[in-house]
Amino acid sequence: MIITRTQISIAELINGYEEKGADGIEGVVAYGGKLDVRPAYQREYVYSGKERDEVIRSVKKGFPLNIMYWSKVGNDHYELMDGQQRTISICRYAADDYQTYSVDHKYFFNVTDPVERQSFLDYTLDIYICEGTPNEIHEWFTIINIAGKVLSAQEILNTSYTGTWLSAAKLFFSKPQCTAYNMANDYMTGSPIRQQYLETVLNWISDRDGFENIKDYMALHQHDENADDIINYYKNVIEWIEKTFPNKRKSLMAGLQWGLMYNAHKDDNLNPIATEQEIKTLLQDDDVTNQKGVYEYILTRNEKYLSIRAFDTREKRKVYERQNQKCADCGKHFEIEDMEAHHKVRWTDGGHTTIDNCVMLCKKCHDKRHGE
């Protein structure tokens, strides 16, 4: 890989700055149209007003900004690898037709002192430009990351699979108020612009297709003309959730692995009315300590998802003394540490975690009952 260092002025950077579509949803260019500020693998603009303003104040004071990194992608054309937040902050402050915010109560068009204006435009930015293979670019991008705003694993992974598929997928899953968010934010967690929606759904669809990791799916589809496969899959998952569990409970449903449940149980014949009644019953059961797990329990009948309340130390001691410190089955004496609490009537048969439904058993007898 070849790495060269260059310097450009802010005036050169902001020349030809353009955000295509609302908030640059269709792309952002600068440096006379030769710099792709937001290639497919890049995140959206995430700087807060305070962070943005500090960039401008640093320039005005002549303080150095961190080095920016560009990747050369053609004859005199580049992709911005690191520095998007600073670049957009500068351009939205000073570029023609994009002077959209003020700093310290003054827009750039309010700066009438020619010396102050020219000093800002002449400010020198340090740029490292790299040329290399996609793997070399990806490795370097992983190392440099973004100071102060560490990239997510998915954002870094995107550098290896840029193309028509990724651009289409990001448009659906990764834009502010994107379609994926508007469709199903009650079922998802994380931030679309940090690629967390896309990463989640990639994990789900990779499981569907039997891939060991999402890289395999991304590699297979990198040059697809569109992202219809993953988009339609996502829509099917959401449709299945709403059909199977029509009563929405956002606090319990958000963040569950819905795609994995869909992959395994989409063909199950569930009655939504009966399912809803069972969910209500489970949510009112004091022994169910993990209420978010009721959906996976409904589908799998595995009690581990419910974290059924266990007998506490005080309850165990009371029953242990009531049994005269002996195992309820074999009648032999044991220290309490060598015994286990056991439900007389199992939770699945209507038993609850109460003292009246508890017996203390030695470990051998407990294992025997547990296997019955």
Side-chain angles (χ1 to χ4, degrees), residues 169 172-173 178-190 192 196-214 216-217 220-221 226-310 343 345-353 357 369-372:
F172 186 87
F173 290 104
C178 59
T179 305
Y181 176 87
N182 291 330
M183 279 184 62
N185 68 87
D186 289 336
Y187 309 119
M188 304 287 286
T189 54
Q196 290 164 329
Y197 271 45
L198 179 57
E199 182 178 18
T200 295
V201 183
L202 276 168
N203 276 306
W204 294 348
I205 201 168
S206 296
D207 172 80
R208 181 202 70 177
D209 291 349
F211 293 129
E212 291 186 3
N213 58 64
I214 64 179
D216 295 328
Y217 183 90
L220 179 65
H221 294 276
N226 54 56
D228 289 353
D229 181 48
I230 193 170
I231 289 171
N232 290 332
Y233 169 80
Y234 180 76
K235 291 178 179 179
N236 290 338
V237 172
I238 303 309
E239 182 181 357
W240 173 79
I241 298 171
E242 294 176 341
K243 178 181 177 182
T244 307
F245 305 107
N247 195 331
K248 191 177 296 181
R249 297 176 174 89
K250 182 174 182 178
S251 62
L252 299 182
M253 301 176 87
L256 296 180
Q257 292 296 328
W258 289 110
L260 303 185
M261 289 187 268
Y262 169 81
N263 295 345
H265 300 283
K266 60 183 173 61
D267 296 324
D268 292 359
N269 186 21
L270 295 174
N271 183 324
I273 296 175
T275 296
E276 171 59 22
Q277 184 55 53
E278 184 175 8
I279 290 173
K280 286 184 177 180
T281 300
L282 289 168
L283 294 178
Q284 295 175 63
D285 191 328
D286 291 336
D287 287 343
V288 174
T289 63
N290 179 27
Q291 293 189 329
K292 286 180 72 72
V294 298
Y295 299 97
E296 286 175 281
Y297 171 76
I298 291 288
L299 296 169
T300 66
R301 297 299 161 182
N302 191 329
E303 290 178 29
K304 72 176 184 180
Y305 295 113
L306 300 177
S307 300
I308 299 300
R309 188 176 78 85
H343 290 78
V345 180
R346 296 177 181 177
W347 178 82
T348 50
D349 295 328
H352 293 284
T353 310
N357 193 39
R369 280 213 199 186
H370 213 62
E372 294 175 351

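Just so it is clear, the values below take in all heavy atoms, side chains as well, and ignore hydrogens, waters and symmetry mates. It should be emphasised that the depicted structure is a prediction, and the values quoted were computed from it without experimental measurement.
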Spatial distance of atom [atom1] ([X]) from atom [atom2] ([Y]) [nearest 0.5 Å]:
X: M183; Y: E239; atom1: CE; atom2: CD; value: 9.0 Å
X: K292; Y: S251; atom1: NZ; atom2: OG; value: 7.0 Å
X: R301; Y: T348; atom1: CZ; atom2: OG1; value: 10.5 Å
X: L283; Y: E278; atom1: CG; atom2: CD; value: 10.5 Å
X: E303; Y: T300; atom1: CD; atom2: OG1; value: 10.0 Å
X: E199; Y: I214; atom1: CD; atom2: CD1; value: 5.5 Å

Nearest heavy atoms of [X] and [Y], plus distance in Å:
X: W204; Y: Q257; answer: NE1-OE1, 2.7 Å
X: W258; Y: M253; answer: NE1-O, 2.9 Å
X: L260; Y: N203; answer: CD2-O, 4.4 Å
X: S206; Y: N213; answer: OG-O, 4.0 Å
X: W240; Y: L299; answer: CH2-CD1, 3.8 Å
X: V201; Y: F173; answer: CG2-CE2, 3.9 Å

Please evaluate residues I298 and T244 with respect to the criterion side chain to side chain contact (heavy atoms under 4.5 Å, CB included), reporting the C-alpha separation (whole Å), side-chain torsions for both, the decisive distance (0.1 Å), and the verdict. CA-CA 11 Å; I298 291 288; T244 307; over 6 Å; no
Could you walk me through whether K248 and Y187 pass the side chain to side chain contact (heavy atoms under 4.5 Å, CB included) test, one step at a time? CA-CA 9 Å; K248 191 177 296 181; Y187 309 119; 3.3 Å; yes
Which residues pass the side-chain hydrogen bond (donor to acceptor under 3.5 Å, both in side chains) test with D287, sequence neighbours left out? H352, T353
Test side-chain hydrogen bond (donor to acceptor under 3.5 Å, both in side chains) applied to N290 - qualifying residues, sequence neighbours left out: none
Qualifying side chain to side chain donor-acceptor pair (under 3.5 Å) pairs with a residue from residues 259-270, counting only residues at least two apart or across chains: D207-N263, Y233-N263, H265-D268
A side-chain contact here means heavy atoms from C-beta on lying under 4.5 Å apart; do [X] and [Y] qualify?
X: Y234; Y: I205; value: no
X: I230; Y: L202; value: yes
X: T179; Y: N182; value: no
X: D285; Y: L306; value: no
X: F211; Y: L220; value: yes

N232 side-chain N/O to D228 backbone N/O, donor-acceptor pair under 3.5 Å: yes
For K250, does its backbone N or O pair with a side-chain atom of D186 as donor and acceptor, under 3.5 Å? no
Determine whether more than 12 heavy atoms belonging to other residues, nucleotides or ligands lie under 6.0 Å from atom CG of D286. no
Begin from the C-alpha positions of V288 and I308 and carry the test side chain to side chain contact (heavy atoms under 4.5 Å, CB included) through to its verdict. CA-CA 5 Å; V288 174; I308 299 300; 4.2 Å; yes
Excluding sequence neighbours, so at least two apart, what forms salt bridge (Lys or Arg N to Asp or Glu O under 4.0 Å) with [X]?
X: K243; result: none
X: E276; result: R249
X: D229; result: R208

